[in-house]
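All chains are named by letter (A, B, ...) in the order of the sequence lines, taking the proteins before the strands, and each is independently numbered beginning at 1. The figures that follow rest on heavy atoms only: side chains count, while hydrogens, waters and symmetry mates do not.
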There are 2 protein chains.
Amino acid sequence: MADDTAKGAPRPRTRIQQRNTEAILDAALEVFSAQGFRGATLDQIATEAGLSKPNLLYYFPSKEAIHIALLTSLLDDWLAPLREMTDSGDPQAEIMRYMRRKLDMSQTMPRESRLFANEILQGAPRMGAMLGTDLKALVDEKAALIRRWAEAGQIAPVDPHHLIFSIWALTQHYADFDVQVRAVLGPGHNPHAEAEIFLSTLFEKLLKP
Amino acid sequence: MADDTAKGAPRPRTRIQQRNTEAILDAALEVFSAQGFRGATLDQIATEAGLSKPNLLYYFPSKEAIHIALLTSLLDDWLAPLREMTDSGDPQAEIMRYMRRKLDMSQTMPRESRLFANEILQGAPRMGAMLGTDLKALVDEKAALIRRWAEAGQIAPVDPHHLIFSIWALTQHYADFDVQVRAVLGPGHNPHAEAEIFLSTLFEKLLKP
DNA sequence: CCTGCGTCTGACCGTGTGGTCAAACCGCCC
DNA sequence: GGGCGGTTTGACCACACGGTCAGACGCAGG
């Protein structure tokens, strides 16, 4: 990930390269997350980025390279909240904090959420490798942490992996299925505010020892 | 929905029409759910259905018509479990039963789940209308039912709409994000069996008055 | 002003894809 | 068998899309 030359974006040296690669990645995030990989078009991304299509391909060797660059660079941010869940504080508070940060992210970074959702839905053709290695390692580590909390009686005994899955499912639902949520609730609702209250009580009841 | 001629599939009159339209819809479900609308190809669907591409277009006027026919015909099945949740029995048992049926569906009908997920993710371009009318009406009705249960003290006081959302999110997660779940759990796991246990305790704790 | 390098683009290409159409095929009823 | 729906297909079209390339542009250093 430190070596950009391996695959994907050229190392941003000059000021202008920095600016354009950023513009491309942002535009690509916008388009890929809304249309999926195959649904997205280089022309769309180029227009969104304010560049010409050949100019895109001056900075990235292919459409797929842009997609891969996006996924890998975003995975870190995406998993940051989980990484920050440590045994430094009250276990239940740690988990609640993780859930809230994840919910916040689904509100502030819905495009990223949808990008990953699209990728996983299609069977993770461009990210499958990372799932079984990096992601699994991180989740296993945190699951072990949660298991220790449970064994110590600090939280209720729950399956750690599925607890994490439930946090993912519930928080990302409000980003990925936003249209549905809003359509069902109708006007005059604030989905995320309501979700925070609901999910707080849900996980409090679930985790109380 | 009773009048197929309005948009989409021709009315299946003869034996052969019945057989072929079914084959097409099944093949289309397979391909659309795995590749998304734009990712899917008429040739793929035709091959999967054992027909030629022009023959597809003899039965359906366009690619989009197939997609719409799929979505509308499946929405009924998809919402059936929610419809069957009535106040005929014990409230908590009714909700638990709904959750379990939904979880079973995510195991037995993962293609349908992914098809809807794809559609919603892309902003429901071909189903948006139904969300705010049919779906909203049904959910509002059942939400009112749940609210009555809560007010009668038969279940804990929870936001009915978000309770339903949480059931959707948690159960569909195991279908839509199957690759991720399996990659993280590793071999030797039965995601759905574990999910049923986890979700059972989760909703029991949540709903207990 | 010239050179040279990084940046950018118009024009182009090959392929994949949704869709059309005239003609052929098939099987049932007279 | 002949006719006649309904059914099937090969050949074809228009166009969108990913990607290429030769060259133009712009600007810093001499």
Pairing residues for B/R148 by the salt bridge (charged side-chain N to carboxylate O under 4.0 Å, His left out) criterion, not counting sequence neighbours: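 By the salt bridge (charged side-chain N to carboxylate O under 4.0 Å, His left out) rule, B/R148 matches no residue at all.
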Phosphate-side-chain proximity, B/S52 and D/dT8, N/O vs OP1/OP2 below 4.0 Å: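 False: B/S52 side-chain N/O out of range (4.0 Å or more) of D/dT8 OP1/OP2.
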Side-chain donor-acceptor pair under 3.5 Å between [X] and [Y], yes or no?
X: A/H161; Y: A/D140; answer: yes
X: A/N118; Y: A/Q35; answer: no
X: A/R100; Y: A/S200; answer: yes

Mind listing the closest non-hydrogen atom pair of B/S113 and B/D176 along with its distance?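 The pair with the smallest heavy-atom distance is OG-OD1, 2.7 Å.
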Minimum heavy-atom distance between A/W149 and A/M85, given as atom pair plus value: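 That would be CH2-CG, 4.3 Å.
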Does A/E204 have any side chain to side chain donor-acceptor pair (under 3.5 Å) partners at least two apart in sequence or in another chain, and if so, which?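 Side chain to side chain donor-acceptor pair (under 3.5 Å) check on A/E204 returns nothing, list empty.
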Give every pair of a protein N or O atom and an N or O atom of nucleotides 11-21 of chain C that lie under 3.5 Å apart, one pair per line with the distance.
from   : atom 1 : to    : atom 2 : distance (Å)
C/dT17 : OP1    : A/R38 : NH2    : 2.9
C/dT17 : OP1    : B/T41 : OG1    : 3.4
C/dG18 : OP1    : B/A40 : O      : 3.2
C/dG18 : OP1    : B/K63 : NZ     : 2.9
C/dG18 : OP2    : B/L42 : N      : 2.9
C/dG18 : N7     : B/K53 : NZ     : 3.1
C/dG19 : OP2    : B/K63 : N      : 2.7
C/dG19 : O6     : B/K53 : NZ     : 3.2

Can the positive tip of A/K63 be found less than 6.0 Å from the middle of the six-membered ring of A/F37, inside 45° of the ring normal?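 That pair qualifies as a cation-pi contact.
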Check nucleotides 5-7 of chain C against the protein and report each pair of N or O atoms closer than 3.5 Å, with its distance, or say if there are none.
from  : atom 1 : to    : atom 2 : distance (Å)
C/dT7 : OP1    : A/T14 : OG1    : 2.9
C/dT7 : OP2    : A/Q17 : NE2    : 2.7
C/dT7 : OP2    : A/Y58 : OH     : 2.9

Side chain to side chain contact (heavy atoms under 4.5 Å, CB included) for B/I45 and B/L56? Distances and angles first, verdict last. CA-CA 8 Å; B/I45 300 175; B/L56 276 201; 3.9 Å; yes
Taking the side chain as every heavy atom from C-beta outward, state whether B/I24 and B/N55 have any atom pair closer than 4.5 Å.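 Counting from C-beta outward, B/I24 and B/N55 never come under 4.5 Å.
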Interatomic distance, A/F60 CZ vs D/dG18 C1' [rounded to whole Å]: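 That distance rounds to 16 Å.
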To the nearest 0.5 angstrom, please state how far the CG atom of A/L115 sits from the CG atom of A/L74.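 Reported to 0.5 Å precision, the distance equals 6.5 Å.
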Reported CD1-to-CD distance for the pair B/I120 and A/Q180, which is rounded to 0.5 angstrom: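 Spacing of CD1 (B/I120) from CD (A/Q180) equals 4.5 Å.
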When A/L170 is tested against each of A/F165, A/F198, A/F203 for side-chain contact (heavy atoms from CB on, under 4.5 Å), which residue passes?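 Result: among A/F165, A/F198, A/F203, A/F203 is the only option passing the side-chain contact (heavy atoms from CB on, under 4.5 Å) with A/L170.
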Nucleotide by nucleotide, nucleotides 24-30 of chain C touches protein heavy atoms under 4.0 Å in the pattern (B base, S sugar-phosphate only, - none) -------
For the helix from C/dC1-D/dG30 to C/dC30-D/dG1, figure out the bend between the end axes, five pairs an end, and round to 10 degrees.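 Inter-axis angle at the ends, rounded: 10°.
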